[in-house]
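A note on names: the letters A, B, ... follow the listed sequences, proteins ahead of strands, and every chain is numbered from 1.
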2 protein chains.
Amino acid sequence: MAETAVETLASVLRTRILSGELAPGTPLREEALSSEYELGRHTIRAALRQLGGERLVSIQPYSGARVTLLDDDDVRALMQLRSALEGEAVRLLNRRSDDTTLAGIHTANDELRRACLDSPTDRARIERAHAALHHAIVDAAGSPRITDAHARLEAESILFLAQLRHVLDAEEMIRQHDQLVGDLLIRGEDAIHEHLERAADQLIAARAADH
Amino acid sequence: MAETAVETLASVLRTRILSGELAPGTPLREEALSSEYELGRHTIRAALRQLGGERLVSIQPYSGARVTLLDDDDVRALMQLRSALEGEAVRLLNRRSDDTTLAGIHTANDELRRACLDSPTDRARIERAHAALHHAIVDAAGSPRITDAHARLEAESILFLAQLRHVLDAEEMIRQHDQLVGDLLIRGEDAIHEHLERAADQLIAARAADH
DNA sequence: GCTCGCAGATTGTGTAACAATCAATGGATG
DNA sequence: CATCCATTGATTGTTACACAATCTGCGAGC
């Protein structure tokens, strides 16, 4: 059955990164990981290389690996991809749009609201709920292919959310998503395009502000 | 200035894979690469792990790395992403649609036709031209963010083309793209959605045929 | 205060060795 | 003759050690 050490390590680190425990920018030192997990340095390096290929960590020669900090271009490219894909999902959704398919979206939005109100400081929970809502929207389109395609962007999207933490408080999070869900049927794809573009703009503007 | 050995190796292998010199399914043996490039096995392994993260090679425990063979689900997810993105590009394109922006598309299509007629056996050249045409369509939308997002899918798209080789001959390639370019302005995004879906279906059907 | 250079820390790469697993070969058996 | 199983050879997975290459921060000297 043999899951190799490199694979398990990569998957553990991936989880720690996506949960926000390892924040974007955090350095990942080989010796530290080596003694923490009791694995040889080469094993660590292989796992880091793999995560590098997945864009979850960035590797600078002779300076080491750190959790990826998405730069402005990364953010815009990622959001454009999501925008195109989620927009397509919404278009399909509005073509079928029976009430049962929308139930999942409202449930997910309620869950997000509850997370924001119950535990506004537990960002990991909020981010999971946030990702789940967007996932639900894509799912509601009823195309397994779109769901697959969206899943491929999910890891990086969560990385984006981890950076958005300091920009968007829980209240604003609720407000924006209530509006999104309310507008979905009326304004269609434009609603989600705007929603995603606003998020990207907010992060980029906030970063420009602390110059 | 120090480009590390792992990086150069990864980039050399990437090029060889995307040029089609290393066909999908080809095994990549560590010892062989080690003596071919005169590098230690660990260096090879690190590069392979990175390419694994980029999805260009698939690594099976204790059985080694091979150039990724996209399965049906991979193909559908990739095409759905491209479809959403290129569809978005076409929508933008038709909103501006001045003649100069279209010139690039026609040039690229002419180049593709020339490649198919001049050297129908030089698949690498045809694939470059093919990728360039789709790239030109996305470029014509005039949004650098969409271009960025599309670039991220390009490597895997070329991998898809490498597998499409045995399914689509040069003649059919010309026909489908002449139709696509002709329909772009009239039918808009639907034209490109159909174009991409047909390509995916053809590959999947052909594979089902040799069971 | 600034620059230079040195020293320590960290990463990059290689070699050697061995364990773990796979794959194919070949017999033993029905 | 076909089938199953075991052995063997090839390949990958992992480690330890060594050393080179490079970065980084700190202090000496100006």
Side-chain angles (χ1 to χ4, degrees), chain A residues 1-17 21-71 159 211, chain B residues 1-17 21-71 159 211:
Chain A
M1 191 54 263
E3 169 122 317
T4 67
V6 174
E7 281 169 357
T8 11
L9 175 60
S11 128
V12 167
L13 289 178
R14 197 182 296 112
T15 304
R16 291 180 66 185
I17 292 172
E21 180 197 341
L22 297 171
T26 309
L28 303 169
R29 294 278 150 63
E30 297 177 0
E31 281 300 347
L33 294 171
S34 175
S35 49
E36 177 175 0
Y37 292 102
E38 298 183 343
L39 293 170
R41 257 184 74 215
H42 283 300
T43 304
I44 306 290
R45 288 171 65 72
L48 290 177
R49 275 287 164 191
Q50 170 165 344
L51 294 174
E54 295 173 19
R55 302 168 134 263
L56 290 183
V57 317
S58 333
I59 299 178
Q60 226 63 42
Y62 293 104
S63 153
R66 37 186 71 225
V67 180
T68 295
L69 265 167
L70 299 174
D71 65 25
L159 217 48
H211 75 295
Chain B
M1 195 51 267
E3 167 122 318
T4 67
V6 174
E7 281 171 356
T8 14
L9 176 59
S11 125
V12 167
L13 289 179
R14 199 183 294 112
T15 305
R16 291 180 66 186
I17 291 171
E21 181 197 339
L22 297 171
T26 309
L28 301 169
R29 294 277 150 62
E30 297 177 0
E31 280 298 347
L33 293 171
S34 176
S35 49
E36 177 175 0
Y37 291 103
E38 299 183 342
L39 292 170
R41 258 183 72 214
H42 284 299
T43 306
I44 306 290
R45 287 170 66 73
L48 290 177
R49 276 284 162 193
Q50 171 164 343
L51 294 174
E54 295 173 19
R55 304 169 133 261
L56 290 183
V57 316
S58 332
I59 299 178
Q60 226 63 40
Y62 294 104
S63 151
R66 39 185 69 223
V67 180
T68 295
L69 264 166
L70 300 173
D71 65 24
L159 217 47
H211 74 294

Worksheet, complete the sentence: Atom CD1 of B:Ile44 and atom P of D:dT11 are separated, to the nearest Å, by 15 Å

Practice prompt. Could you check if a side-chain atom of B:Glu54 sits within less than 4.5 angstrom of a side-chain atom of B:Arg14, using non-hydrogen atoms only?
Written response: yes

Worksheet item: How long is the line joining CD of B:Glu30 and C1' of C:dG14, in whole Å?
Response: 15 Å

Worksheet item: B:Thr43 versus B:Tyr37: any side-chain heavy-atom pair under 4.5 Å?
Response: no

Worksheet item: Starting at CD of B:Gln60 and ending at C1' of D:dG13, how long is that distance when rounded to a whole Å?
Response: 15 Å

Response to the item:
Between CD of B:Glu3 and C1' of C:dT11 the distance, given in whole Å, is 16 Å

Worksheet item: In whole Å, what is the span from the CD1 atom of B:Ile59 to the P atom of C:dC22?
Response: 16 Å

Worksheet item: What is the nucleic acid contact for A:Arg41, judged by heavy atoms within less than 4.0 Å: base, sugar-phosphate only, or nothing?
Response: base

Discussion item. Contact between A:Leu13 and A:Leu33 at the side-chain level, heavy atoms closer than 4.5 Å - yes or no?
Written reply: yes

Practice prompt. Could you state the atom-to-atom distance from CD of A:Gln50 to P of D:dT14 in whole Å?
Written response: 12 Å

Worksheet, complete the sentence: Whichever of B:Gly64 and A:Leu39 has the more 5' nearest nucleotide on DNA chain D, that residue is B:Gly64

Worksheet item: How close or far is atom P of C:dT15 from atom CD of B:Glu31, stated in whole angstroms?
Response: 11 Å

Fill in: Close side-chain approach of B:Glu30 and B:His42, heavy atoms under 4.5 Å
no

Discussion item. Looking at the base of C:dG12, is there any donor atom on it, or on the side chain of A:His42, that sits under 3.5 Å from an acceptor on the other one?
Written reply: no

Discussion item. Within the 4.0 Å heavy-atom criterion, would you say B:Arg45 contacts the bases, only the backbone, or no part of the nucleic acid?
Written reply: base

Worksheet item: Whole-Å distance between C:dA23 P and B:Arg29 CZ?
Response: 10 Å

